[in-house]
Structures are given as structure tokens and as C-alpha cells.
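So that the names make sense, note that chain A is the first sequence line, chain B the second, and so on, each numbered from 1.
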Amino acid sequence: MPELPEVETSCRGIAPHLTGEVISGITIRQAKLRWPIPDDLPSLLTGQTITAVTRRAKYLFITTDIGSLILHLGMSGSLRMVDSSTPAEKHDHFDLLLSNGKLLRLRDPRRFGAVLWGGLHPENHVLITHLGPEPLDEAFSGKHLYQIGHKRRGAIKNLIMDAKVVVGVGNIYASESLFLAGIHPGCTANSLSKNHYYRLAEAIKQVLAKAIEQGGTTLKDFQQSDGKPGYFAQQLNVYGRSGEPCPTCGNTISQCKIGQRSSFFCHHCQH
DNA sequence: CAAAGGTCCTGCTCGC
DNA sequence: TGCGAGCAGGACCTTT
């Protein structure tokens, strides 16, 4: 599920329900996620007050006075606020219980997600320190992309999905951004001009900003039992549409593998 | 059997 | 040749 817009939507959805609340306990049903959930979390966090919920890349930070919990949703994770009487289902691995009778529940069938302790400075955690700029920050620009990309020999799609280059561009939005910029996903990075990079950076910003906006439209439904992520409803131009006509030129959308991942593009519009 | 929205780790390759 | 950065592939899991 989670690309950046989904994580941002989750962050905005849970923040008002968590901020200011007291943690009354933690339930770990399955500790084996991407990394083991630390077993001292319950004793550490019980009784603490949540002061903030924030996001960096696709990681969420749930902050208290003694430090922050770091969450990652991996490939199939989702978060939900539910009443503490709600029975846990098969893949509900982790609950953060609140003293008001609610809880934050992590569901993650594929278990590529993570629940980690970030301490007082989660931004210094080994998973966080080497991350590139946020795509919607000014630090991410065509200039930044060009400086890194012009001497790389790998495919451009892999470059923009590299979290050391820019965070938050997943497989869906990599294809979408490259379509918008008119760049073939398999292009070698060092074959692109400065102009290409400027266009691509703008396309990434535009695609992600729009997706976050659309994710936001379902925020009010966040607590509902089957609240679906907003981006499912959004318009994707090429992702998942091989064989369909290109919305720009009408030619058939192609699919190929780049770096083991499915990639979608229009042969006619992208070079 | 293949594929699914993530990303870290390993071991090889390439260019200085 | 030697070195380090960069690159491709494998790994982790379950469900459809």
C-alpha cells in the first residue's frame, strides 16, 4: 500500500488521535517484522505521553518525552485507530494502547514493515541518517538530481527510486513522474540533459503533491473500518495500464522490468 | 508459478 | 593494479 502519499495520509490521519494522549500499554502479537520489534517497548513506553506524530521519508515518528517510536509500513502495512475492544485479526501484529480506550493498530500481512525504537534523536537512527531530501522540500531540485545523475550509468527509474538520492518515490510514482516528464524509464541516467533533470524533478513534485492532496480527501474516513487509502481512487496515467491507450497520444502503454520492478511507459511520449 | 506498492545487504563491476 | 563507489540481484514474507 504505502507510497509516500499514503504514509503522509496515515500520519495526518493518526496524529490528532495520538497527540496528547497517554500510552497505557503495547501489545506485540508478532515481533518478527523486517527487524524484530524490541521487546522492551511496553515497559519503556507505558505511561508516557505522546507529544507529536511526524514523518520522514516513509518512516513515521511517534514521539514522547523519552524518545520516539519509528514505524515503517513496508509493502503491505496499514495503520488504523480502533476501539480497544476491537478483536485483532490475523495480521494485526502491533497495538499501541491509549488510556482513552482507543488504540493504534498496525496490520502488515507481508511483514516487511518495522517498529523500532529511535531514542531521543530518531533522525540520527542508522536507517534515517543516510536518507536524501524530501521530494517536496526545496533541497530537492533539478539541480540536485542532475548533479548526482549525470555521472550515473544505471537506469533513471532506479535513480529516482534510490532513497539516498530522494526519498518517497516508490514504484508507482516513479513510472508516473517519468511519464509526465517524457522520459523513458530505462534511460541511462548519464544520457539525460540538465533540462531533462529539471523537468523530472518538477514532475516528481507535482505527482506527489497531487497524490497527497487526494489522499487527504479520505482523511475524514480514516477511522472507518474499511477506509481505503485515497490514492487508489486517483488517476494514474500509466501505472498498471499496459495495453491501454496513452492518455496523451493514444498509443498502447508498454510494460517492462527495470531493476526487478514492473515499469510502465508510453513508447511514443517517452524517450 | 508469477507478481504485489519497500529497501537493506551482499558481492561483483566499473572507472579513476 | 588497487580502491571505492555504484550497480544488479537476492533476501525478507503472505496473498491473490
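The distance between atom CZ of A:Arg153 and atom C1' of B:dC12, rounded to the nearest whole Å, is 11 Å. Taking atom CD1 of residue A:Ile160 and atom P of nucleotide C:dG6, one finds them 18 Å apart after rounding to whole Å. Computed from coordinates, the A:Asn190 CG to B:dC14 C1' distance equals 12 Å when rounded to whole Å. Atom CE in A:Met161 sits about 8 Å away from atom C1' in B:dG6, given to the nearest Å. Nucleotide B:dA4 holds its P atom 20 Å from the CG atom of A:Leu73, rounded to whole Å. Per the geometry, NE2 belonging to A:His72 stands 15 Å off C1' belonging to C:dC13, to the nearest Å.
Nearest nucleotide to the A:Arg110 side chain, out of B:dC14, C:dC13, B:dG6: C:dC13. Comparing B:dC8, B:dA4, B:dG6 by their closest approach to the side chain of A:Tyr59 singles out B:dC8. In the set B:dA3, C:dC12, C:dG9, the nucleotide with an atom closest to the side chain of A:Ser262 is B:dA3. Here the side chain of A:Arg111 is nearest to one of C:dT14, B:dT7, B:dA3, namely C:dT14. Of the candidate nucleotides C:dG6, C:dA8, B:dT7, C:dG6 has the atom lying nearest to any side-chain atom of A:Arg152. Of the candidate nucleotides B:dA4, C:dG9, B:dG6, B:dG6 has the atom lying nearest to any side-chain atom of A:Asn171.
Considering only side-chain N and O atoms, A:Gln260 lies nowhere under 4.0 angstrom from the phosphate OP1 or OP2 of C:dA8. Distances shown here put a side-chain N or O of A:Arg261 below 4.0 Å from the OP1 or OP2 atom of B:dG6. Residue A:His91 has no polar side-chain atom (N or O) positioned under 4.0 Å from OP1 or OP2 of C:dC13.
With respect to A:Glu134 and A:Arg55, a salt bridge is recorded, a charged nitrogen being found less than 4.0 Å from a carboxylate O.
Checked by atom type, the side-chain pair A:Ser193/A:His196 shows a donor-acceptor distance below 3.5 Å.
Residue A:Leu127 is in sugar-phosphate contact alone, with no base atom involved, counting any heavy-atom pair closer than 4.0 Å across all strands shown. Nucleic acid contact for A:Lys164: none, since no nucleic acid atom lies under 4.0 Å from a heavy atom of the residue. At a threshold of 4.0 angstrom between heavy atoms, the contacts of A:Lys257 are confined to the sugar-phosphate backbone, with no base atom among them. Using a 4.0 Å heavy-atom distance criterion, A:Lys32 is classed as making no nucleic acid contact. Within 4.0 Å (heavy atoms only), A:Asn158 reaches sugar-phosphate atoms of the nucleic acid but no base atom.
Nucleotides B:dC8 and C:dT15, compared at atom C1', are 23 Å apart to the nearest Å. The separation of B:dC1 from C:dA11, taken at their P atoms, amounts to 15 Å, rounded to a whole angstrom. Nucleotides B:dG11 and C:dT1 have their P atoms positioned 23 Å apart, rounded to a whole Å.
The six-membered or imidazole ring of A:His144 lies away from that of A:Tyr146, with a centre-to-centre distance of 6.0 Å or more.
Pairing for C:dG2 goes to B:dC16, judged as Watson-Crick or G-U wobble with the two contacts each under 3.5 Å.
Among A:Arg107, A:Lys102, A:Arg80, A:Arg29, the one residue that satisfies the salt bridge (charged side-chain N to carboxylate O under 4.0 Å, His left out) test with A:Asp95 is A:Arg29.
Considering all non-hydrogen atoms of both residues, A:Cys11 and A:Leu60 come closest at CB-CD2, 3.4 Å.
With values rounded to the nearest 0.5 angstrom, A:Glu21 atom CD is found 10.5 Å from A:Leu96 atom CG.
Lacking a ring centre under 5.5 Å from that of the base six-membered ring together with a plane angle below 30°, A:Phe112 does not count as stacked on B:dT7.
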